[in-house]
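A, B, ... follow the sequence lines: proteins, then strands. Residue 1 opens every chain.
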Amino acid sequence: MTKISDYKMVEIKNLHKYFGKLHVLQGIDLFVDEGEVVVIIGPSGSGKSTLLRCVNFLEKSQRGDIFIEGSLIERKQKTINQMRQKVGMVFQHFNLFPHMTVLQNVIEGPVQVKKVTKNEAVILAEELLKKVGLEDKRDVYPAMLSGGQKQRVAIARSLAMKPDVMLFDEPTSALDPELVGEVLGVMKDLAREKMTMIVVTHEMGFAKEVADRVIFMDEGKIIEEGKPEELFENPKNERTKAFLSRVY
Amino acid sequence: MSKIERVLEVYDFSIIFNQFHIFIPAAIETLKITIASILIGLIIGLFVSLARLSKYKLLYYPASLYITVIRGTPILLQLFIVYFGITSIVTLNAFVSAAIAFGTHNGAYIAEIFRGAIMSIDIGQKEAARSLGMTKIQAMKRIILPQAFKRAVPPLGNQLIIATKDSSLASTIAVRELMLKARQMGSSTYNFFEYLIIAAVYYLIITSILGFVVHRVEKKLAVSDR
């Protein structure tokens with residue numbers, strides 16, 4: 001692996017997104033370094049999830065550029081598909097494939113997209129399931145799992161593609177409170193292993209503990225960013241202050 | 001003479017039991033038409049449903065037109081068009097005509113069944129598949145369609161039973177299926193009622209078996225839901 005070099009892992013330049021007339025992203029500039037954990041916070045409707053979804057083109061932005069590992073992602077299906085192999089995504093509602101077992105969910109990407117042999121994929125999948133603490137669930141269907149277990153499988157499924165960046169779109173928002181910890185635990189492990197992560201979340205505790213940098217968004221703009229201790233303890237912008245006083 | 005005695009005098013119910021077996025070849029013919037028309041319908045239905053869901057107008061409009069025309073005209077008319085209407089171009093035998101006409105007919109209904117089933121799959125499934133780097137076709141084949149097929153099984157079972165009953169229309173072009181057999185036997189012996197009852201019992205047996213099979217398939221596919 002090369003050392004942190006001349007390019008950023010993810011770079012977003014002047015990104016604009018409209019839903020009809022609604023200007024949901026109003027010129028976002030953001031970069032994420034290799035191995036960095038960036039947490040995006042902000043009120044609902046601030047555009048944070050949309051921003052995340054624009055990074056891997058699940059939403060098509062109208063203006064602006066995305067660079068992954070220094071290369072511009074052209075708006076061509078082939079380029080986007082290739083980019084997505086390197087950019088993993090974890091969803092709020094897990095989106096596991098219900099017609100496949102846990103193991104089949106995890107090997108699906110490597111086998112179908114990367115054309116890895118099934119045996120190799122299974123070895124990797126078992127390793128990943130062990131890592132998220134679910135090796136005993138490999139032959140179970142998702143319907144049998146708790147929300148926390150589903151989300152951990154979803155993380156393993158994403159990791160099976162050996163991504164360089166992981167996007168987390170409110171990964172704990174659909175979970176019962178007592179299940180949040182197990183998912184955050186897996187994410188903390190990943191952060192420790194220097195996975196590059198962009199996390200949209202309402203878990204301020206996680207942001208404080210794990211984030212290298214926190215971004216506060218409101219009304220489609222980045223209002224403030226900084227190290228978690230700065231941003232949480234000493235916010236400069238009025239809107240950041242107002243938001244933080246409401247969530248604490 | 002009481003009414004019951006009169007009924008027993010006019011009708012010869014022993015025919016129903018004694019001649020039940022002579023309908024077996026006709027029942028097989030009925031099954032053959034039904035299965036052929038459903039298989040053709042499934043293939044047409046799959047592609048037409050995908051075309052209807054496509055954003056490309058060149059696919060969407062012909063598919064919509066096909067469904068509108070088939071659903072808006074009688075199945076008997078469709079059968080006659082295939083059998084009598086295009087004889088100047090090609091002459092098809094009765095069985096092939098029935099299979100094509102009924103297959104095309106079922107295709108339109110099955111397309112709508114598939115379309116509904118595909119649309120009922122949560123958008124998150126497609127997003128998860130695409131976020132792994134799958135192409136649209138891969139996502140459709142590996143993730144969306146298997147789930148959609150499962151949801152389509154109950155309405156497809158319904159369509160299968162409708163197709164079984166609709167196959168009786170093939171008697172009008174002299175396919176040697178149950179309905180024709182009943183009418184022929186009836187008109188040569190004047191025991192219409194008895195032979196029609198035999199046909200009715202065969203239809204009931206066939207539709208019941210098919211209903212049972214569909215139910216079993218449904219149950220088998222439900223393993224991942226438990």
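- Using a 4.0 Å cut-off between charged nitrogen and carboxylate oxygen, A:Glu193 and A:Lys131 count as a salt-bridge pair.
- Only the backbone of A:Leu96 comes within contact range of chain B, judged by heavy atoms closer than 4.5 Å.
- A salt bridge between A:Glu127 and A:Lys130 is absent, with no side-chain N of the basic residue lying under 4.0 Å from a carboxylate O of the acidic one.
- Between A:Arg53 and B:Glu127 there is a salt bridge, since at least one side-chain N of the basic residue sits less than 4.0 Å from a carboxylate O of the acidic one.
- Look at B:Arg52 and B:Glu112 and you find a salt bridge, because one of the NZ, NE, NH1 or NH2 atoms lies within 4.0 Å of a carboxylate O, short of that distance.
- Counting heavy-atom pairs closer than 4.5 Å to chain B, the top residue among A:Leu58, A:Asn56, A:Leu167, A:Thr101 is A:Leu58.
- Looking at A:Val140, there are no atoms closer than 4.5 Å to chain B (heavy atoms on both sides), in backbone or side chain.
- Distance check: B:Ile70 CD1 to B:Gln78 CD gives 4.0 Å after rounding to the nearest 0.5 Å.
- B:Gln125 touches chain A through backbone and side chain together, each having a heavy atom under 4.5 Å away.
- Heavy atoms of A:Met100 lying under 4.5 Å from chain B belong exclusively to its side chain.
- Among the candidates A:Gln92, A:Lys86, A:His99, A:Gln85, the residue making the largest number of heavy-atom pairs closer than 4.5 Å to chain B is A:His99.
- Both the sub-6.0 Å distance and the 45° axial angle are not jointly satisfied by A:Lys150 relative to the ring of A:Phe94.
- If you measure heavy-atom distances from A:Gln77 to chain B, the contacts under 4.5 Å come from the side chain alone.
- Between A:Lys13 and A:Asp65 there is no salt bridge, since no side-chain nitrogen of the basic residue lies less than 4.0 Å from a carboxylate oxygen of the acidic one.
- Highest contact tally toward chain A, considering only B:Arg142, B:Gln147, B:Gln138, B:Lys136, is held by B:Arg142 [criterion: heavy-atom pairs under 4.5 Å].
- Contacts between A:Phe91 and chain B at a heavy-atom distance below 4.5 Å involve the side chain alone, from C-beta outward.
- Checked against a 6.0 Å centroid threshold, the rings of B:Phe149 and B:Phe114 count as neighbours.
- Per-residue heavy-atom pair counts under 4.5 Å with chain B were compared for A:Gln112, A:Met83, A:Met89, and the maximum is reached by A:Gln112.
- Looking at A:His93, neither its backbone nor its side chain comes within 4.5 Å of chain B, counting heavy atoms on both sides.
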